[in-house]
Amino acid sequence: GKLRSLTERALNKSLVTPQRGKKIRMHWCTDRKDAEVCEVCRLFGYVPVGSGESDDDKMPSSLYMRDLPLQNGEEMARQITSPLKFTEWKTENALDRITAASNPRDIERVPSGARFNLEVVYDIGDRNAGHFAGDLNTLVSSLCLLEDDCLGGHGSRGYGQVALFINTVTARKIRYYYAIEDGQRQSSQLLREFTKSPVSKFKAELGGFVKDLESHGFAQADD
């Protein structure tokens with residue numbers, strides 16, 4: 001959701017209220033045809049809201065965002081002094097500007113130094129065969145935006161600052177999953193390994209990776 005919001009703002013997409021009675025404003029294309037060429041709806045999904053469209057016009061997200069398991073939980077548990085096991089209480093104090101009366105409060109947050117393993121799956125499929133290069137660029141750009149923004153609430157007070165690093169990028173053709181021999185399986189896979197490379201650096205190298213995908217036939221719809 002945060003990545004979608006950042007992408008909508010960066011691309012200056014128009015915002016609407018897709019569900020009556022709710023105050024949420026987000027970008028939503030008017031029909032399926034527009035959604036198929038929209039950088040936001042194509043990547044993050046589209047559900048029709050007009051009276052003339054049916055459930056058959058839905059377009060699922062091309063992204064699968066896995067859960068983020070904590071990688072250094074034991075280290076975090078040793079550092080945290082609060083009763084909480086993996087999170088901490090951050091004490092804040094708001095002052096009344098007229099009376100100077102204090103209003104202390106505690107907010108639960110993830111402590112600095114926590115490391116999570118993020119896995120993102122992008123499904124090229126027939127629908128995105130002609131757009132995968134642009135979709136990858138949109139995705140990586142959104143990840144770079146997230147680093148300069150925040151994840152979660154209270155970002156203006158220092159919460160939610162994250163740094164993203166790339167360890168591996170893997171592309172697999174359909175026949176990879178049905179191959180019997182290891183040689184056939186490996187020939188259907190394109191693997192690029194990085195050593196904790198910042199996502200901004202991968203953004204600069206994305207063009208070369210896309211060319212590798214195209215040269216290995218990953219741009220074809222039936223693969």
Side-chain angles (χ1 to χ4, degrees), residues 1-19 21-28 38-46 61-73 75-98 100-122 135-167 194 196-204 206:
K2 180 67 176 185
L3 291 177
R4 180 172 188 144
S5 175
L6 288 172
T7 306
E8 291 171 352
R9 289 168 54 194
L11 299 178
N12 197 28
K13 293 290 185 178
S14 59
L15 303 180
V16 298
T17 304
Q19 295 184 6
K22 292 191 176 183
K23 297 181 179 180
I24 298 175
R25 287 177 57 80
M26 60 191 300
H27 172 71
W28 217 264
C38 171
E39 304 95 324
V40 174
C41 293
R42 188 176 62 244
L43 196 59
F44 297 100
Y46 163 78
S61 170
S62 300
L63 290 179
Y64 306 106
M65 309 292 293
R66 306 298 193 198
D67 286 341
L68 281 75
L70 181 62
Q71 296 298 296
N72 58 337
E75 175 187 341
M76 290 292 99
R78 290 194 299 267
Q79 294 180 6
I80 296 172
T81 58
S82 70
L84 306 173
K85 187 174 182 180
F86 296 116
T87 56
E88 65 180 3
W89 290 114
K90 169 65 173 3
T91 301
E92 297 183 347
N93 186 26
L95 296 177
D96 188 297
R97 297 189 180 188
I98 304 299
S102 64
N103 179 27
R105 61 200 176 196
D106 292 325
I107 298 180
E108 184 180 2
R109 70 176 188 179
V110 175
S112 176
R115 297 192 303 271
F116 297 88
N117 182 35
L118 170 64
E119 181 180 351
V120 181
V121 178
Y122 168 69
D135 284 350
L136 290 179
N137 181 65
T138 300
L139 172 60
V140 178
S141 298
S142 299
L143 294 173
C144 291
L145 283 169
L146 180 59
E147 286 192 321
D148 286 344
D149 202 272
C150 64
L151 186 60
H154 313 294
S156 62
R157 300 201 299 274
Y159 292 69
Q161 182 180 9
V162 297
L164 301 172
F165 299 90
I166 305 292
N167 287 327
F194 304 86
K196 202 177 179 181
S197 177
V199 67
S200 57
K201 181 180 178 181
F202 180 71
K203 164 74 174 176
L206 185 59

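- Going from atom OG of S5 over to atom NZ of K13 covers 14.0 Å, rounded to the nearest 0.5 Å.
- Here L68 contributes atom CG and L151 contributes atom CG; the two are 8.5 Å apart, rounded to the nearest 0.5 Å.
- Using the six-membered ring where Trp is involved, Y46 and W28 have ring planes that are tilted, between 30° and 60° apart.
- Remark: the backbone N or O of R115 is paired with a side-chain donor or acceptor of N72 at under 3.5 angstrom.
- In this structure, S197 contributes its side chain and N167 its backbone to no donor-acceptor pair below 3.5 Å.
- Annotation: the span from I107 atom CD1 to E92 atom CD amounts to 4.0 Å, rounded to 0.5 Å.
- Other residues, nucleotides and ligands contribute at most 12 non-hydrogen atoms within 6.0 Å of the CD atom of Q161.
- Looking at E108, its side chain never comes within 3.5 Å of a backbone N or O of T87 through a donor-acceptor pair.
- Within the 3.5 Å criterion, the main-chain N or O of G45 finds a donor-acceptor partner in the side chain of R4.
- P111 approaches M76 most closely through the heavy-atom pair CG-SD, 3.7 Å.
- Here the shortest heavy-atom pairing between V40 and L11 reads CG2-CD1, 4.4 Å.
- Here the side chains of L139 and L63 are in contact, with some heavy-atom distance below 4.5 Å.
- Atom CZ of residue F44 and atom CE of residue M65 lie 7.5 Å apart, to the nearest 0.5 angstrom.
- Between the side chain of S102 and the main chain of P104, no donor-acceptor pair closer than 3.5 Å is present.
- For H27 against C38, the heavy-atom pair with the smallest separation is NE2-SG, 3.4 Å.
- For the atom pair CG of L118 and CG of L164, the computed distance is 7.0 Å after rounding to the nearest 0.5 Å.
- In terms of heavy-atom proximity, K203 sits nearest to C144 at CB-SG, 4.1 Å.
- No more than 12 heavy atoms of other residues, nucleotides or ligands shown are found within 6.0 angstrom of CG on D67.
- For CG of N12, the number of neighbouring non-hydrogen atoms (other residues, nucleotides, ligands) closer than 6.0 Å is 12 at most.
- Under the 4.5 Å side-chain criterion, counting only non-hydrogen atoms from C-beta, Q79 is not in contact with E88.
- Crowding of R157 atom CZ: a count of heavy atoms from other residues, nucleotides or ligands under 6.0 Å exceeding 12.
- Nearest heavy-atom pair across K90 and Y159 is CG-OH, 2.9 Å.
- Closest non-hydrogen pair, G73 versus F86, comes out as O-CE2, 3.3 Å.
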**OP:** Could you walk me through whether F116 and V110 pass side chain to side chain contact (heavy atoms under 4.5 Å, CB included), step by step?
**Re:** CA-CA 11 Å; F116 297 88; V110 175; 4.1 Å; yes
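- With rounding to the nearest 0.5 Å, the separation of CD1 in I166 from NZ in K196 is 12.5 Å.
- A distance-only check finds a donor-acceptor pair linking the side chain of K2 to the backbone of C150 [under 3.5 Å].
- The main-chain N or O of L95 is never found under 3.5 Å from a side-chain atom of N103 such that the two would form a donor-acceptor pair.
- A side-chain donor-acceptor contact under 3.5 Å links S142 to the backbone of T138.
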